[in-house]
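Positions are given from 1 along the sequence. Values below: all heavy atoms of this structure, side chains included; hydrogens, waters and symmetry mates excluded. A quick note: this is a predicted structure, and the numbers were derived from the prediction, not measured.
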Amino acid sequence: MDETEFWEIVDSTREAAEGDPEDHAELLVERLVRLDPDSVLDFARHFEARYNRAYTWDLWAAAAVLLGGAGEDAFDGFRCWLIGRGREVFEGAVHDAEVLAELLEDFDPAVDGDGEELGYAADEAYEQLTGVDAPDLGLAPQPPGPEGTPLDVDDDAALAERLPRLWDRFGG
């Protein structure tokens, strides 16, 4: 599976789910079980690589702004949700978290921002196909800490300073 096919699967299942993260995860599993187990593992590798790329202080700050605060678990779910939003949103946000102020039409923290179940979709599909847990993907582990310049994600002033456009649109 190449990167284009990965994003096509993410996009088509998100569109079918009309943006609902829980429905998106269910549809993603349904789509992945139509593939062979090796392709499901390829999908999982693409997902995990992007999940690790999104482990940055700026994106953690964006999660804190959008969600009204974000601990480690919330940030993990946010990174999965960000992947689920598709290539344009994901790549734009990884390059510059501030662009989320323009790329997101709206954001409802009661529905948006937590795509944790998307992170388990490939594992669930693999298990349905094979009857066993997915093997280790052979990827480098996530860095021990987020990339970039650290900040206190509980400090509203620091968040507003780091991501002023996002803060103006969605903050406090």
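- Surrounding CD of Glu161 are at most 12 heavy atoms belonging to other residues, nucleotides or ligands under 6.0 Å away.
- Nearest approach of Gly86 to Trp7, heavy atoms of both residues: C-CZ3, 3.3 Å.
- Leu82 contributes atom CG, which lies 11.5 Å from atom CG of Asp112 (distance to the nearest 0.5 angstrom).
- At distances below 3.5 Å, not a single donor-acceptor pair connects side-chain atoms of His24 with backbone N or O atoms of Ala16.
- There is a path of hydrophobic side-chain contacts, each under 4.5 Å, that joins Val132 to Leu35.
- Within the 4.5 Å cutoff, no side-chain heavy atoms of Leu100 are placed close to those of Phe170.
- For the residue pair Tyr51/Asp76, the side-chain donor-acceptor check at 3.5 Å is satisfied.
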Take Thr56 and Val94, measure what side-chain contact (heavy atoms from CB on, under 4.5 Å) needs, and give me the verdict at the end.
CA-CA 8 Å; Thr56 69; Val94 167; 5.7 Å; no
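- Put simply, the side chain of Pro21 reaches to within 4.5 Å of the side chain of Val111, judged on heavy atoms.
- Contact record, Leu59 with Phe78: O-CE2, 3.8 Å, taken as the closest heavy-atom pair.
- One distance of note links CG of Leu32 with CZ of Arg34; it measures 9.0 Å at 0.5 Å rounding.
- Residues Arg162 and Trp57 have side chains in contact (heavy-atom distance under 4.5 Å, counting atoms from C-beta outward).
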Worked verdict on Leu137 versus Leu41 for side-chain contact (heavy atoms from CB on, under 4.5 Å):
CA-CA 7 Å; Leu137 298 174; Leu41 292 178; 4.0 Å; yes
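- Remark: Glu88 CD is loosely packed, at most 12 non-hydrogen atoms of other residues, nucleotides or ligands lying under 6.0 Å away.
- Each of Glu48, Arg79, Arg53 was compared with Gln142 under the side chain to side chain donor-acceptor pair (under 3.5 Å) criterion, and only Arg79 meets it.
- The side-chain heavy atoms of Phe75 and Val153, taken from C-beta on, include no pair separated by under 4.5 Å.
- At distances below 3.5 Å, at least one donor-acceptor pair connects side-chain atoms of Asp42 with backbone N or O atoms of Met1.
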Where do Leu166 and Leu159 land on the side-chain contact (heavy atoms from CB on, under 4.5 Å) test, with the steps shown first?
CA-CA 9 Å; Leu166 194 65; Leu159 295 172; over 6 Å; no
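- Linking ILVMFWY side-chain heavy atoms closer than 4.5 Å, directly or via other members, places Val99 and Trp60 in a single hydrophobic cluster.
- No side-chain heavy atom of Glu26 sits less than 4.5 Å from a side-chain heavy atom of Val29.
- With values rounded to the nearest 0.5 angstrom, Leu66 atom CG is found 9.0 Å from Leu163 atom CG.
- When the shell of 6.0 Å around CD of Glu147 is examined, it contains 12 or fewer heavy atoms from other residues, nucleotides or ligands.
- Tyr120 is not connected to Tyr55 by any chain of hydrophobic side-chain contacts under 4.5 Å among Ile, Leu, Val, Met, Phe, Trp and Tyr, and they are in different clusters.
- Heavy atoms of other residues, nucleotides or ligands lying less than 6.0 angstrom from CZ of Phe107 number more than 12.
- The residues Glu102 and Arg165 are annotated as salt-bridged, a charged nitrogen and a carboxylate oxygen being separated by less than 4.0 angstrom.
- The CH2 atom of Trp81 lies 10.0 Å from the CZ atom of Arg14; values are rounded to the nearest 0.5 Å.
- Rounded to the nearest 0.5 angstrom, Phe47 CZ and Ile9 CD1 are separated by 12.5 Å.
- Within the 3.5 Å criterion, the main-chain N or O of Glu8 finds a donor-acceptor partner in the side chain of Ser12.
- Residues Phe6 and Ile83 form a side-chain contact, since some pair of their non-hydrogen atoms from C-beta on lies under 4.5 Å apart.
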Check against side-chain contact (heavy atoms from CB on, under 4.5 Å), Val33 and Tyr126
CA-CA 7 Å; Val33 296; Tyr126 187 86; over 6 Å; no
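- Taking CD from Glu18 and CG from Asp23, the interatomic distance works out to 8.5 Å, rounded to the nearest 0.5 Å.
- Between the side chain of Glu116 and the backbone N or O of Cys80, no donor-acceptor pair lies under 3.5 Å.
- The side chain to side chain contact (heavy atoms under 4.5 Å, CB included) search around Asp106 returns none, not counting sequence neighbours.
- In this structure Glu3 satisfies the salt bridge (Lys or Arg N to Asp or Glu O under 4.0 Å) test together with Arg50, Arg87, sequence neighbours excluded.
- Looking at every heavy atom in both residues, Ala121 comes nearest to Leu28 through CB-CD2, 3.6 Å.
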